[in-house]
Amino acid sequence: MDFSQDDLFETIDRLVVTLLGRAGADRPPIDALRIAEEHLGIPIEYAEPDVDEKPTRRHTAGIVIAPNMTHEQQHLVAARGIARSLMPDLFRKLDIPLGPENRQAANQFCGILASRLLVPTRMLRSAQRNCKSDVPLLQSQFSTASMEAVATRLLDLDQPCVITLVDDGVVASRRGNAMSVSKKMTDAEAACAERVMELDLPHRVRLGGWTVHGWPVPNRAFRRVVLRAVPDDV
């Protein structure tokens with residue numbers, strides 16, 4: 001594929017800006033359900049719970065909202081439905097064929113587009129000027145996206161950082177935007193995560209050349225912590 005990652009992101013962001021402009025969505029939160037149904041005409045089906053509680057496969061061209069989905073999950077499903085509808089435009093702009101041979105790329109692009117739809121780059125940059133990189137404060141503005149999704153989007157901005165998700169003390173994911181990282185936390189990250197889990201409150205640690213902010217993620221079936229680590233020399 002003859003395009004760079006920056007080309008991909010810029011093309012997706014332009015598609016998102018155009019879509020949101022036509023839908024009249026000029027500030028967060030982004031109502032993906034409304035955009036899908038009212039602007040794009042994608043049917044939304046609210047599935048009834050099965051009596052026998054067994055999962056069923058649904059064949060529909062629309063978006064299916066399950067009864068046990070959270071508010072954030074509903075909008076993510078809608079955002080992915082919107083992303084699928086934009087795939088032909090995206091592939092055409094990238095000058096690649098939309099066919100079975102590129103199904104894996106389509107799935108990957110769909111996830112990227114959905115995340116940038118719920119947390120649009122331009123809006124995120126604007127919100128960050130007031131919220132800095134306070135993840136819960138940012139998520140209160142982009143409330144149709146999960147706290148984890150908002151935190152991960154910080155990796156797409158200019159400031160070098162590492163975003164880590166810790167589940168019950170175990171690293172679930174750890175990604176950096178300006179450096180190669182492993183799943184092993186720094187001492188500062190480990191100390192911050194431990195303190196957040198102990199207090200169930202936000203915490204900040206500065207240690208060993210790193211400044212780490214950590215926040216508990218509410219309403220999870222396990223103890224999840226989001227960490228944002230920044231090297232002190234940037």
Side-chain angles (χ1 to χ4, degrees), residues 12 15-16 19-20 23 25 27-87 90 104 106-121 123-124 127 131 134-156 163-168 170-175 200 215-228:
I12 286 175
L15 279 174
V16 168
L19 173 64
L20 295 181
R27 61 176 62 89
I30 303 302
D31 189 340
L33 290 165
R34 181 191 68 80
I35 293 172
E37 188 169 38
E38 298 180 12
H39 181 67
L40 296 177
I42 302 173
I44 295 178
E45 177 184 351
Y46 291 86
E48 295 294 331
D50 295 323
V51 174
D52 58 4
E53 296 185 353
K54 293 181 180 178
T56 59
R57 184 179 296 276
R58 295 179 179 272
H59 298 280
T60 176
I63 294 165
V64 178
I65 303 298
N68 61 339
M69 284 182 178
T70 65
H71 174 75
E72 297 160 0
Q73 289 169 338
Q74 290 180 22
H75 283 279
L76 178 57
V77 169
R80 291 189 67 89
I82 293 169
R84 287 192 297 271
S85 76
L86 294 177
M87 279 302 108
L90 177 60
Q104 184 176 357
N107 288 335
Q108 180 185 3
F109 296 168
C110 183
I112 296 170
L113 204 156
S115 69
R116 287 174 177 252
L117 174 65
L118 292 177
V119 189
T121 301
M123 294 184 189
L124 177 59
C131 302
D134 186 312
V135 173
L137 190 57
L138 285 168
Q139 198 270 335
S140 70
Q141 294 198 32
F142 297 93
S143 58
T144 55
S146 69
M147 190 167 158
E148 298 94 324
V150 172
T152 301
R153 284 288 281 124
L154 293 176
L155 292 167
D156 297 316
I163 299 295
T164 304
L165 301 182
V166 182
D167 294 344
D168 287 332
V170 177
V171 174
S173 70
R174 186 169 183 263
R175 293 174 52 200
D200 198 30
W215 303 271
V217 180
N219 304 318
R220 297 293 184 267
F222 45 85
R223 294 181 303 169
R224 167 162 281 182
V225 174
V226 170
L227 302 174
R228 180 179 182 271

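Atom CD1 in I63 sits 5.0 Å away from atom CD1 in I44 (nearest 0.5 Å). For the atom pair CG of N107 and CZ of R80, the computed distance is 7.0 Å after rounding to the nearest 0.5 Å. Atoms CZ and CG, on F142 and L137 in that order, are 10.5 Å from each other to the nearest 0.5 Å. Within the model, atoms CZ of R116 and CZ of F109 stand 12.5 Å from one another, a figure rounded to the nearest 0.5 Å. Put simply, CE on M123 and CG on L118 are 11.0 Å apart, with the number rounded to the nearest 0.5 Å. Note that CZ of R175 and OG1 of T164 are 11.0 Å apart. Values are rounded to the nearest 0.5 Å.
Every residue two or more places apart in sequence or in another chain was checked for a ring-ring contact (aromatic ring centres under 6.0 Å, His included) with H39, and none qualifies.
Closest heavy-atom contact between Q73 and T70: OE1-N, 2.8 Å. Residues S143 and H71 share a closest heavy-atom pair of O-CD2, 3.6 Å. When all heavy atoms of G81 and I42 are compared, the closest pair comes out as O-CD1, 3.9 Å. Nearest heavy-atom pair across R153 and S115 is NE-O, 3.8 Å. Taking each heavy atom of M147 and P216 in turn, the nearest pair found is CE-O, 3.6 Å. Scanning both residues, A114 and A83, for their nearest heavy atoms gives N-CB, 4.2 Å.
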side-chain contact (heavy atoms from CB on, under 4.5 Å) for D168 and R223? Distances and angles first, verdict last. CA-CA 5 Å; D168 287 332; R223 294 181 303 169; 3.4 Å; yes
Residue pair V225, V217: steps toward the side-chain contact (heavy atoms from CB on, under 4.5 Å) verdict: CA-CA 6 Å; V225 174; V217 180; over 6 Å; no
Assess whether side-chain contact (heavy atoms from CB on, under 4.5 Å) is satisfied between L90 and I12, documenting all intermediate values. CA-CA 7 Å; L90 177 60; I12 286 175; 3.9 Å; yes
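Looking at heavy atoms from C-beta onward, V226 lies in side-chain contact with L165 at the 4.5 angstrom threshold. Proximity of I163 to V135: side-chain heavy atoms (C-beta onward) are nowhere separated by under 4.5 Å.
With V16 as reference, L113 is the one residue of T121, L113, I30 to meet the side-chain contact (heavy atoms from CB on, under 4.5 Å) rule. In summary, of the residues considered (L20, L86, L76), a side-chain contact (heavy atoms from CB on, under 4.5 Å) with L117 occurs for L20 alone. Of the residues listed (L124, D156, L154, T144), the one engaging V119 in a side-chain contact (heavy atoms from CB on, under 4.5 Å) is L124, and it is the only one.
Sorted by first and then second residue, the pairs that involve residues 138-149 and meet salt bridge (charged side-chain N to carboxylate O under 4.0 Å, His left out), not counting sequence neighbours, are E148-R220, E148-R224.
Judged by distance alone, with hydrogens and angles left aside, the side-chain atoms of Q139 form a donor-acceptor pair with the main-chain N or O of A145 at under 3.5 Å.
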